[in-house]
Each structure stands twice: as structure tokens, then as C-alpha cells.
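What follows is a single structure, written as C-alpha cells, with notes after it.
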Amino acid sequence: MKIALAQLNPTVGDFAGNSARILDFAKRAAQRGADLTVFSELCLCGYLPMDLIERPQFIERNERELRCLAKQLPMPCIVGYAARATGLTGKSAANAAALLANGNIQFVQHKMLLPTYDVFDESRYFQPATAQNVFSFGGQNLGITVCEDIWNDKTFWVKPLYERDPVAELIAKNATLLINISGSPYTIDKRALRLDMLRALAKAHGRPVVYVNQVGGNDSLVFDGGSVVVLPDGRIPAQASSFQEDLVLFDTETNTGDIQDQPATEPDLVLQALICGTRDYVCKSGFNAVVVGLSGGIDSSVVAAIAVAALGRKNVLGVSMPGPYSSEGSRADARQLAENLGIEFLTIPITRVFESYRTALDGAFRGKPENVTEENLQARVRGNYLMALSNKFGSMVLSTGNKSEMAVGYCTLYGDMAGGLAMLSDVPKTMVYELANLINRERELIPRASIEKPPSAELRPNQTDQDSLPPYEILDRILKAYIEDVKSPQEIATQYGFDIDLVRSIASKVDRNEYKRRQAPPGLKITSRAFGLGRPFPIVQKFNP
């Protein structure tokens, strides 16, 4: 049997568009001689649909579109969709995989294991399956599972999260081929873990595993695709591309198939994830172009370069907004970046408007020394400029703050935080430097001076980030341990030999600035724990670790 792995980029709620893509891929698979085409989790309605699942019309549309699709498909297909739940659990829906053939729905398998960690909250929406069943097709007994159902192999995980193992139950029912439809978002190092898990699963049960993953960005999540077939001996006979739609075939008789090249390193994957996530967030939100404030620094340079890769240079506007403390070097670097990228470039000074703010507030501030207030005023003038350009030309503003800054509140509400997408909000500062060098791998797009000079907000004379923050090499290690690894300040200080007072001060900054992050634009998730949906912390709290 020839199986087509159809790696699609669906949009949540776009039933017509998603159905058209499914039909198109099925036709292409049929032309290539496939006997069965496998699509990803919830590809009919898009993933994650979140509270749309609670709308009865949404479930009805899933069911109606699935029946309509079954009548049009030129060949048998496995399609993920949100099914109407059966039973008395109080849930209205089930996360399901349907095998469509001969104009009908031949078989349906609901998802059994419903994750509730990180960005997932599936037990809020879905009724879990009570049983796993095999389906005979093409001389094989298909064991069809949905995403999390394969992530509980007791021989692989030290501490399995669930009591039941859907794969083991399918093997007990004589499944000869394991198929998993998935919506597994990309995070750093997850692909290696995922592949190790799939290999362990195939080896433990002596069955080939066909894994089809979603691709593309939806809100903060970026799905990497990388759909793959793993044989019991660990070999990979078929693998789809990363971060783009693809269709690859696998022959169960010869154990051969199509193999696409993959990004070479983890930084390559991060860069592709940000390009893909930016393109999909901007375009799926109905925008065609973006505006980026160019300071001459490394963060805005990386954002602009990624925006060009995602959307094309004609759709990116760079804006330099020099103020009273902007250096000539920074102005020149911003201009040089725009020339290197081939994007439109505007210069709109802020000094006169900033001085008018100071004059207007002079009476209210009389007797008070200048402090961070005046620095923030400059950032807010710039934010107003960018949002005005956005409103006038219908372009989305990309804010430029990185994870390190967002973590400790080194950012200004309604200033540099203004925008529609915070592209780098899950990218630590040290990784921003890695991305800059990667972007410059073939030729210098980001000026060398932007990479080499000490980072500075340039909101007061001779300012550098390290006036108020430790070096980013230290800061990022503390932040990763505190945010992603959930370690206490004492554990961090002991592990790395850092001063305990420094670690406590950083942890305190992280906790105090939750209110800022709650008002930030959505960001693209690339680490195991990003701010936002996957890290719900209270704004007002007094717990001191």
C-alpha cells in the first residue's frame, strides 16, 4: 500500500479554504498512485480552535464539511476534525480522526489522551475516547491515533502522564500499522525528542509508525511539520519538509519513500520557525505589509530581516525615529540595514514632539528630578508614530523586544511594546545574536556594527543595557532556569555559582512585570515555556520563592 503524508497549513475556522486544500492534496496524491492519504489533527477546522469548540455551530460545521468532503475525495483519506461527542461527560465535542472512502465516513477514532500542560487545555473542550479500535484497510490493520495518544509509551518516559497507553491497546488488537495525526508545535529541541520517541515506539512494538504533523503558524504557535515514517529498525524511509506544506509518499511493501532535506541546526530551525510564524500571523490576520521601527540595534535589525524573508522587501517599511540621545552611528546603521534589505526607509525625528511633551508636563512635574519617566516618553512618542503609520497604510507594526527584556520589564508599555506581533518575545537576547550571525551567513545584511556595539536603548546619554541588567550571557541563564526549568532562586544560585541576591533580584523583576507582558502583543513561541498562553501567572500575587 502506498500512503501519502499530506502536510497542510490550515487556518482556524476557514472550513472552505481548509477543505479545498485537503481536496487538492488528495487529488495530487491520487495522481501519484497513493492508496491512502493521511492528513493532520483537526486539519478540517484548524488547530488550536480553543473556545470555538464551545459553539454548537462550529461542531455542526465540522460534521457537515466532513460529509461533504467525503463525497468529493477521489481516494480514501484520514482527516482530523472536531466531532460531536457521544456520552454523558458534559463535553460537546471529541478530537477525532475519520477515514473517508467511497463517498462515506467509514471509520472514526476519537482522541483518548487529552493534554492539559503548556498551551494545551484539551480536557476543557473534548470528551476522551473510551476505547481504541483497529480498522482493516489495504491489507493492513490500521491503528489510528491522534497526537498525544502516542506520547505515553511506558518504555520511553520515566514518568508517563497517563494511566492508559492507546498504542499498546491497539497492538493488543493486532494493529499492523500505526498512524498518528498530529498538531505538535515547534519548540527548541522538541524535534529531536519527538523523533527519539517515534523510534522507541516503532522498535518497542515492531510496527512502522506513520506520523503526520501540521505545518504553519496559528496565533503564537508555529507548527514545524516534519511528518515522518519510522520503521521498527529505526530507519526513516519518508520525511516531509519543515515549515512548509508538503506531500510525500511511503510504500509499505518496499519500505521506501520520499525524503526531503531538513534544516541543519537548531538555530536554522528557530529562524525558519520565526519566518513561517511571522508570515502566517500577518497574512492570516488579513495584513499584507508591516512596519518596523529601526533603531540601528540588533533586535530591530533581526526583526526587519525576518520580516523581509517572510513577506518580501516590498511589504516591509523601516522607520528611523532619532531622538536627542540617538547616536550618529545608530542612525547610519539603521539606514544601512534598510539599504541592505532593499526596503522602504523613513526618518521621522522625535525630538521636537518629545520636547513638547516635556513642556506640557512641566507644571505637573515641577520639583521632580528627571528619571525613567522622560525615557519612557521617548519610547511612547515612537510607538505613536508607528501606530499612526499602521493606521494610515493598513500595515501591522512588528514590535522588536526580545524575551530577556520582556522577562525583566526592560520595555515600555505603549512605547516599544506597541504593535500587532512581538516576533522576538520568546527569543532570548543571546539567541538574537545567533540569529543575526545566521542571517549574515551568506552576505552581510545586518551591519556588523549593530552586532558588535554594546546594546543600548539610547534614552539617556551614554546609556547601555548593562547599566541596569547583568550581562546577557548571565541574565539568559538565570531566566531560562527560572522561567523554563521552574527552578527556585536558591537552586539557580547553587547550580551556576551566581550571587543569590542577583538571582533573587532577577526573579523579582520577572514576577513584578507580569502586568506588562499581559498587555504585550502576541509573540511567537519557540521555547518550552513562553510568556502568555503556556505560562498563566497571576498579575497580583505575593508569593516569594
Side-chain angles (χ1 to χ4, degrees), residues 184-196 213 215-217 220-226 228 239-244 260-281 292 297-311 337 340-341 398-407 421-453 455 471-481 483-485 523-531 534:
S184 180
Y186 168 78
T187 57
I188 293 171
D189 295 331
K190 184 177 181 180
R191 282 169 64 96
L193 172 66
R194 185 194 293 152
L195 195 55
D196 287 345
N213 191 26
V215 73
S220 294
L221 301 184
V222 187
F223 300 86
D224 56 300
V228 68
Q239 186 167 20
S241 301
S242 299
F243 300 107
Q244 62 184 14
Q260 308 286 21
D261 292 337
Q262 303 297 316
T265 67
E266 201 65 49
D268 284 298
L269 286 166
V270 171
L271 183 58
Q272 290 304 311
L274 295 173
I275 291 170
C276 175
T278 299
R279 180 189 300 117
D280 280 350
Y281 186 86
V292 183
I298 190 170
D299 297 311
S300 62
S301 298
V302 168
V303 168
I306 290 174
V308 169
L311 303 164
L337 173 75
N340 293 351
L341 294 175
L398 301 182
S399 65
T400 59
N402 58 64
K403 186 173 189 175
S404 308
E405 295 168 347
M406 297 286 287
L421 176 67
M423 182 199 293
L424 300 181
S425 66
D426 198 33
V427 181
K429 183 76 169 189
T430 49
M431 185 176 290
V432 176
Y433 284 99
E434 287 187 69
L435 294 176
N437 288 316
L438 191 57
I439 289 166
N440 281 359
R441 183 165 49 188
E442 295 182 2
R443 66 186 182 93
E444 187 175 297
L445 293 173
I446 297 174
R448 179 54 48 185
S450 295
I451 299 174
E452 294 178 348
K453 66 186 174 186
Y472 281 112
E473 293 79 7
I474 295 174
L475 177 63
D476 284 352
R477 290 169 74 185
I478 295 172
L479 292 176
K480 182 181 185 301
I483 296 166
E484 297 174 38
D485 302 333
L524 299 177
K525 175 179 166 63
I526 57 115
T527 70
S528 61
R529 186 159 297 202
F531 297 124

Non-hydrogen side-chain atoms of [X] and [Y] separated by less than 4.5 Å:
X: Arg194; Y: Ser184; result: yes
X: Leu424; Y: Leu524; result: no
X: Val270; Y: Tyr186; result: yes
X: Ile526; Y: Val222; result: no
X: Ile446; Y: Glu444; result: no
X: Asp189; Y: Leu193; result: no
X: Lys525; Y: Ser425; result: no
X: Leu274; Y: Val427; result: yes

Under the side chain to side chain donor-acceptor pair (under 3.5 Å) rule, collect the residues that match up with [X], sequence neighbours excluded.
X: Tyr472; result: Asp465
X: Thr430; result: Asp476
X: Asn213; result: none
X: Gln260; result: Asp246

Practice task
Return yes if a side-chain donor-acceptor contact under 3.5 Å exists between Arg191 and Ser242, otherwise no.
Solution key: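 Their side chains do contain a donor-acceptor pair, which is all the 3.5 Å distance test asks for.
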Kindly compute the distance separating [atom1] ([X]) from [atom2] ([Y]), expressed to the nearest 0.5 Å.
X: Ile451; Y: Asn437; atom1: CD1; atom2: CG; answer: 5.0 Å
X: Ser450; Y: Asn440; atom1: OG; atom2: CG; answer: 9.5 Å
X: Ser301; Y: Asn340; atom1: OG; atom2: CG; answer: 9.5 Å
X: Glu266; Y: Leu271; atom1: CD; atom2: CG; answer: 12.0 Å
X: Asp224; Y: Thr187; atom1: CG; atom2: OG1; answer: 8.5 Å
X: Ile483; Y: Met406; atom1: CD1; atom2: CE; answer: 11.0 Å

So, the side chain of [X] versus the backbone of [Y]: is there a donor-acceptor pair under 3.5 Å, distance only?
X: Thr527; Y: Arg529; result: yes
X: Ser220; Y: Gly523; result: yes
X: Gln262; Y: Ala240; result: yes
X: Asn402; Y: Ser404; result: yes

Of all the heavy-atom pairs spanning [X] and [Y], show the shortest one and how long it is.
X: Ala307; Y: Leu398; value: CB-CD1, 3.8 Å
X: Asp280; Y: Gly216; value: OD2-CA, 3.2 Å
X: Pro263; Y: Leu269; value: CG-CD2, 3.5 Å
X: Leu337; Y: Ala304; value: CD2-CB, 4.1 Å

Handout entry: Carboxylate-amine/guanidinium contact Asp268 Arg441, below 4.0 Å
Key =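 Result for this pair is yes, salt bridge flagged.
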Exercise for the section: Would you please name every residue forming a ring-ring contact (aromatic ring centres under 6.0 Å, His included) with Phe531, sequence neighbours left out? Expected result: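 Phe531 satisfies ring-ring contact (aromatic ring centres under 6.0 Å, His included) with no other residue.
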Practice task
Among residues two or more places apart or on two chains, list those pairs meeting salt bridge (Lys or Arg N to Asp or Glu O under 4.0 Å) that have a residue in residues 422-439.
Solution key: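 Qualifying pairs, neighbours excluded: Asp299-Lys429, Lys403-Asp426.
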Practice task
Verify whether the ring centers belonging to Phe223 and Phe243 lie closer than 6.0 Å.
Solution key: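 No, they do not, as the ring centres are separated by 6.0 Å or more.
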